[in-house]
Peer 1: 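My questions all concern the structure below.
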Amino acid sequence: MKPPPFEYHVPDSLDQALQLLRRYGAEAKPLAGGQSLIPAMNFRLARPAVLIDLNRLNDLAGILEAADGGLAIGAMTRQRAVERSSDVAARAPLLAETMPYIAHPPIRNRGTIGGSLAHADPASELPAVMTALNARFRVRNVDGERWVEARQFFLGLFATALAPDDLLTEVVIPPPAPRSGFAFQEFARRHGDYALAGVAVALELDPAGQCSGASVVLMGVGEGPVTLDAVNRMLVGQAPAEAAFEAAAAEV
């Protein structure tokens, strides 16, 4: 299969990329890792008239400590780099636990954090994880920048809060709270296949050992990440014991 014809631009700077997005608007698609966009184009499921290749924008890649002690991850950071990062393992253990579930190593070698989030596939792991972690997204266009909370970013099936001339440039994850714990699990026919369903969980305990905060987010069961607010409320105030978890599972 071959994609329809398209114009191809390779900007050397973020400003150039943003100007191109403003010029072409909805006719254009940013190209990051291309692990979702290029197959969709080859099958004629996506037909952008213009591709804007972001792979020269090295300043959009990297993993740094955020001002609050959390993590700042550039949108063009390869998924494999996140998977192998000791900083991610220490400061965002849920993200570190999740990365090996994403497709296969060749895909993670090329795929980017920002590309996966902007694609907003409801079967993708990263939108659910970022929602569970209360991540924030830095969004840029030629007029400036704004921050969007993960819970407000994913609007529906392959739909996000990004305007046609917007670019997701950075993800910031708050530091884990004391006495917090995390887990990720998904069910797929084979490891690396799209998951039929999955769940990302973040829990926080108070000094007495009771649950003081919970974030349970499902993937693959709706048009985007599904936050289980009723379950989260059920867990708060409970001891982290089997009975509480069984009741939460029954509510799910």
Side-chain angles (χ1 to χ4, degrees), residues 3 6 8-11 13-14 16-18 20-21 24 26-43 45-48 50-63 71-85 88 92 95 98-131 133 135-141 145 148 150 153-173 192 194-195 219 224-225:
F6 57 87
Y8 180 67
H9 297 271
V10 190
S13 69
L14 176 58
Q16 288 182 16
L18 297 177
L20 286 166
L21 285 170
Y24 292 106
E27 295 184 345
K29 280 283 189 182
L31 175 64
Q35 301 305 289
S36 298
L37 177 59
I38 298 302
M41 292 174 62
N42 287 342
F43 283 108
L45 300 174
R47 296 171 175 263
V50 179
L51 282 188
I52 301 172
D53 191 333
L54 306 178
N55 282 279
R56 290 184 184 173
L57 307 185
N58 295 324
D59 54 339
L60 293 188
I63 302 170
L71 278 180
I73 304 176
M76 286 297 293
T77 306
R78 305 295 170 180
Q79 294 166 5
R80 193 67 158 164
V82 174
E83 179 182 358
R84 293 175 168 176
S85 169
V88 172
L95 180 58
T98 302
M99 295 309 298
Y101 286 92
I102 299 174
H104 302 280
I107 300 295
R108 299 196 295 274
N109 281 338
R110 186 68 185 169
T112 66
I113 293 295
S116 178
L117 294 170
H119 185 56
D121 190 325
S124 177
E125 292 85 357
L126 290 177
V129 168
M130 295 303 178
T131 301
L133 290 175
R136 296 187 302 140
F137 301 153
R138 188 195 299 266
V139 176
R140 294 279 302 273
N141 60 35
E145 70 175 37
V148 182
F153 185 80
F154 303 102
L155 303 182
L157 187 64
F158 299 105
T160 71
L162 293 172
D165 62 344
D166 282 340
L167 193 63
L168 172 61
T169 61
E170 187 180 46
V171 177
V172 174
I173 301 171
Y194 278 108
M219 53 172 277

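What you see is a predicted model, and the numbers here were worked out from it, not measured in a lab.
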Peer 1: Judged by atom type as modelled, is there a donor-acceptor pair below 3.5 Å linking the side chain of E83 to the main-chain atoms of A81?
Peer 2: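 No, E83 side chain to A81 backbone: no donor-acceptor pair under 3.5 Å.
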Peer 1: Run N141 and L21 through side-chain contact (heavy atoms from CB on, under 4.5 Å) and show every step you take.
Peer 2: CA-CA 8 Å; N141 60 35; L21 285 170; over 6 Å; no
Peer 1: Mind checking whether H9 and Y24 have parallel, tilted or perpendicular rings, split at 30° and 60°?
Peer 2: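 Ring orientation of H9 relative to Y24: tilted.
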Peer 1: Is the backbone N or O of G74 less than 3.5 Å from a side-chain atom of T77, with the two atoms forming a donor-acceptor pair by type?
Peer 2: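 At least one qualifying donor-acceptor pair exists.
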Peer 1: Of all heavy-atom pairs between Y101 and E125, which one has the smallest distance, and what is that distance?
Peer 2: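 Looking at all heavy atoms of both residues, the closest pair is O-OE2, 3.4 Å.
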Peer 1: For a side-chain contact (heavy atoms from CB on, under 4.5 Å) check, start with the C-alpha distance between I173 and V88, then their side-chain angles and the critical distance, and finish with the verdict.
Peer 2: CA-CA 10 Å; I173 301 171; V88 172; over 6 Å; no
Peer 1: What closest approach, in Å, do L168 and A118 show between heavy atoms, and which atom pair accounts for it?
Peer 2: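 Scanning both residues completely, I find the closest heavy atoms to be CD2-N, 4.5 Å.
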Peer 1: List the steps, then state whether side-chain contact (heavy atoms from CB on, under 4.5 Å) holds for V148 with L162.
Peer 2: CA-CA 9 Å; V148 182; L162 293 172; over 6 Å; no
Peer 1: Would you say the side-chain atoms of R78 pair up with the backbone N or O of T112, donor to acceptor, closer than 3.5 Å?
Peer 2: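 The answer is no, because no donor-acceptor pair under 3.5 Å joins these two groups.
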Peer 1: Might you confirm whether atom OH of Y194 has over 12 heavy atoms from other residues, nucleotides or ligands at distances under 6.0 Å?
Peer 2: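 Not buried by this count: 12 neighbours or fewer within 6.0 Å.
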Peer 1: Sub-3.5 Å donor-acceptor pair from the side chain of R136 to the main-chain atoms of V171, do we have one?
Peer 2: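 Answer holds: no.
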Peer 1: So which heavy atom on F154 is nearest to which on L117, and how close?
Peer 2: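 Looks like CE2-O, 3.4 Å.
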Peer 1: Can any side-chain N or O of T131 pair as donor or acceptor with the backbone N or O of P127 at less than 3.5 Å?
Peer 2: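 At least one qualifying donor-acceptor pair exists.
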Peer 1: What pairs with E170 under salt bridge (Lys or Arg N to Asp or Glu O under 4.0 Å), at least two apart in sequence or on another chain?
Peer 2: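 Partners of E170 under the salt bridge (Lys or Arg N to Asp or Glu O under 4.0 Å) test: R138.
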Peer 1: D166 vs R140, test: side-chain contact (heavy atoms from CB on, under 4.5 Å). Steps then yes/no.
Peer 2: CA-CA 6 Å; D166 282 340; R140 294 279 302 273; over 6 Å; no
Peer 1: Treating D165 as the side-chain partner and L18 as the backbone partner, does any N or O pair qualify as donor plus acceptor under 3.5 Å?
Peer 2: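 Answer holds: no.
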Peer 1: Write down the atom of G34, the atom of P39, and the distance for their closest heavy-atom approach.
Peer 2: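 Looks like O-CD, 3.5 Å.
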